[in-house]
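Here, residue 1 is the first one in the sequence, and each next residue gets the next number. Please read all numbers here as calculations on a predicted model, not as lab measurements.
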Amino acid sequence: SAGKRFHYGTRHDNGRFLLLAALIAAYLSAGATVFSALESPSEAAAQLRWNRTLHNFSRIFNISLPELRAFLRSYEAAMAAGIRVDALRPRWDFPGAFYFVGTVVSTIGFGMTTPATVAGKVFLIVYGLFGCAGTILFFNLFLERIISLLAFIMKACHERQLRRSGLLPPNFRRGSAMAGVGSLIGWKPSVYHVMLILGIFAITLSCCASAMYTFVEGWNYIDSLYYCFVTFSTIGFGDLVSSQNAVYQNQGLYRFGNFIFILMGVCCIYSLFNVISIMIKQLLNWVLKKFECRCCPKCHKSSARLGRRNAITPGARLRRHKISMDADGQYDSDTEGRRLSGEMISMRELMASNKVSLAILQKQLSETANGYPRNVCINTRQNGFSAGVGALAIMNNRLAETSDRR
């Protein structure tokens with residue numbers, strides 16, 4: 001029944017969620033172990049060098065350690081306020097403020113500039129609420145456009161390959177009566193091909209941006225690549241920040257290029273992350289399927305029989321004739337007896353199903369006539385979130401691995 005199918009689907013989604021949570025916890029633990037092993041010795045050595053330098057400075061210049069530490073606290077406060085020894089660009093002029101709001105709405109958040117007044121902090125809360133929501137919508141729409149563009153290009157290449165192999169006639173055109181060729185029915189690009197294209201584009205963009213930052217900012221190339229990934233992925237540590245000096249050569253051109261690289265990089269990496277998430281979801285489904293096959297064969301068999309209860313197979317009526325006779329004697333309703341017998345649905349159910357199908361068809365025709373998409377309401381048993389939420393909903397049925405046929 002629909003209730004049992006819903007229960008099975010909910011249980012499957014919950015299992016996938018718990019498995020993903022466990023994998024993320026293990027991933028975080030592994031990452032913490034690796035970074036602790038790599039960075040902890042360097043941190044301890046740096047602290048030891050700093051303590052030695054502090055004591056030597058206090059002894060040489062005859063300054064007490066409490067006074068020296070108080071001076072250093074004042075210096076740290078000045079650093080937090082954006083004051084540097086070398087000349088830097090103003091933080092709160094219009095270009096600096098525009099750079100700040102860009103890092104806010106994109107959730108990069110470098111941290112080199114923060115509001116110091118109460119009014120600024122309150123305004124940031126309200127501004128960031130709507131700004132971050134709008135930017136996420138922009139990223140999702142960019143993902144939709146880039147997936148549609150890649151699907152169009154890849155389908156054109158697929159048609160050209162079929163035409164060269166002789167599976168398509170030379171005068172084939174899309175939308176013609178010959179569009180029902182078996183090789184193109186339901187064809188959709190693979191998520192692996194899309195991931196490869198997005199990955200190549202992201203690497204190329206990062207390499208070009210790193211070359212620019214190495215030349216203009218004076219960083220080494222590895223630091224520039226590190227900055228590109230931290231920025232494009234919206235991690236935004238803030239240890240390296242571009243376009244912060246007071247004067248640059250060709251300053252206007254550099255700031256424009258910096259803006260374009262960050263915008264395109266964030267959109268591209270966001271799209272790549274969402275495509276990779278589909279592969280992770282496929283892996284989770286595969287693990288759950290293997291787990292069900294090994295640990296719960298009885299439940300797996302019952303769920304497999306659930307969708308084929310009314311299916312007509314050769315010999316089905318002969319095998320279930322005795323069950324049908326017993327069921328007809330126990331139930332007054334012909335519908336209930338036939339449901340238990342596994343035979344074809346009764347005439348009453350068939351008429352009710354036809355009425356529902358006719359109503360859905362009329363609604364689809366009405367929506368099509370008024371300019372609405374035809375697939376707005378195909379299955380009345382599904383709720384508003386059945387096709388997914390956010391980026392997963394955008395990529396639903398656009399790739400071969402997210403198609404309803406799979």
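Two residues are said to be in side-chain contact when any heavy atoms from C-beta on lie closer than 4.5 Å; V194 and M154 meet this criterion. M195 is not listed as a side-chain neighbour of I278, based on a closest heavy-atom distance of 4.5 Å or more. Side-chain atoms of F100 and P115, non-hydrogen and from C-beta on, do get closer than 4.5 Å to each other. Residues L284 and F17 form no side-chain contact, since every pair of their non-hydrogen atoms from C-beta on lies 4.5 Å or further apart. Using a 4.5 Å cut-off on side-chain heavy atoms (C-beta onward), T103 and T113 make no contact. Counting heavy atoms from C-beta outward, Y254 and F215 have side chains that stay 4.5 Å or more apart. With contacts defined as side-chain heavy-atom distances shorter than 4.5 Å, the pair T135/F139 qualifies. F229 has its side chain out of reach of I269: every pair of non-hydrogen atoms, C-beta onward, lies at least 4.5 Å apart.
Counted within 6.0 Å of CZ on F256, heavy atoms from surrounding residues, nucleotides or ligands total 12 or fewer; the atom is thus considered open.
Between the side chains of Y226 and D239, a donor-acceptor pair is found at a separation under 3.5 Å. Checking Y248 against E217 by side-chain atom types alone, a donor-acceptor pair falls below 3.5 Å. Y227 and S242 form a side-chain donor-acceptor contact under 3.5 Å, judged by distance and modelled atom types alone.
The CG atom of D223 lies 11.0 Å from the SG atom of C228; values are rounded to the nearest 0.5 Å. In this structure, CG in L23 is found 11.0 Å from CG in L28, a value given to the nearest 0.5 Å. Separation of atoms CD (Q47) and OG (S42) is listed at 11.5 Å; rounding is to 0.5 Å. In this structure, the separation between OG1 on T234 and OH on Y270 is 10.0 Å, given to the nearest 0.5 Å. Atom CD1 in I262 sits 4.5 Å away from atom OH in Y99 (nearest 0.5 Å). With rounding to the nearest 0.5 angstrom, the CD1 atom of I222 is 9.0 Å from the OG1 atom of T214.
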K289 vs N285, side-chain contact (heavy atoms from CB on, under 4.5 Å): CA-CA, chis, key distance, verdict: CA-CA 6 Å; K289 185 177 180 181; N285 291 336; over 6 Å; no
Derivation of the side-chain contact (heavy atoms from CB on, under 4.5 Å) call for L150 and H193: CA-CA 9 Å; L150 291 178; H193 296 160; over 6 Å; no
Worked verdict on L198 versus I146 for side-chain contact (heavy atoms from CB on, under 4.5 Å): CA-CA 9 Å; L198 288 176; I146 195 67; 4.2 Å; yes
side-chain contact (heavy atoms from CB on, under 4.5 Å) evaluation trace for V266 with F138: CA-CA 11 Å; V266 170; F138 175 80; over 6 Å; no
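Q251 and V247 make their closest contact through OE1-CA, 3.3 Å (heavy atoms, listed as atom of the first residue, atom of the second, distance). Across all their heavy atoms, L240 and F110 have their closest contact at O-CE2, 4.3 Å. Residues N258 and S243 approach most closely at ND2-CB, 3.8 Å, considering heavy atoms. Minimum interatomic distance between C132 and T107 (heavy atoms only, all atoms of both residues): SG-CG2, 4.0 Å. Here the closest non-hydrogen pair linking L225 and S206 is CD2-O, 4.0 Å. In this structure, S271 and F142 approach most closely via the heavy-atom pair OG-CD2, 3.6 Å.
Looking at residues two or more places apart in sequence or on another chain, you find a side chain to side chain contact (heavy atoms under 4.5 Å, CB included) between L283 and W286, V287.
Using a distance-only test at 3.5 Å, with no hydrogens or angles considered, a donor-acceptor pair links the side chain of Y221 to the main chain of C207. Under a 3.5 Å cut-off, the side chain of S58 and the backbone N or O of H55 do not form any donor-acceptor pair. Between the side chain of S165 and the main chain of L162, a donor-acceptor pair closer than 3.5 Å is present.
Applying the salt bridge (Lys or Arg N to Asp or Glu O under 4.0 Å) rule to pairs touching residues 16-36 yields D13-R16, sequence neighbours excluded.
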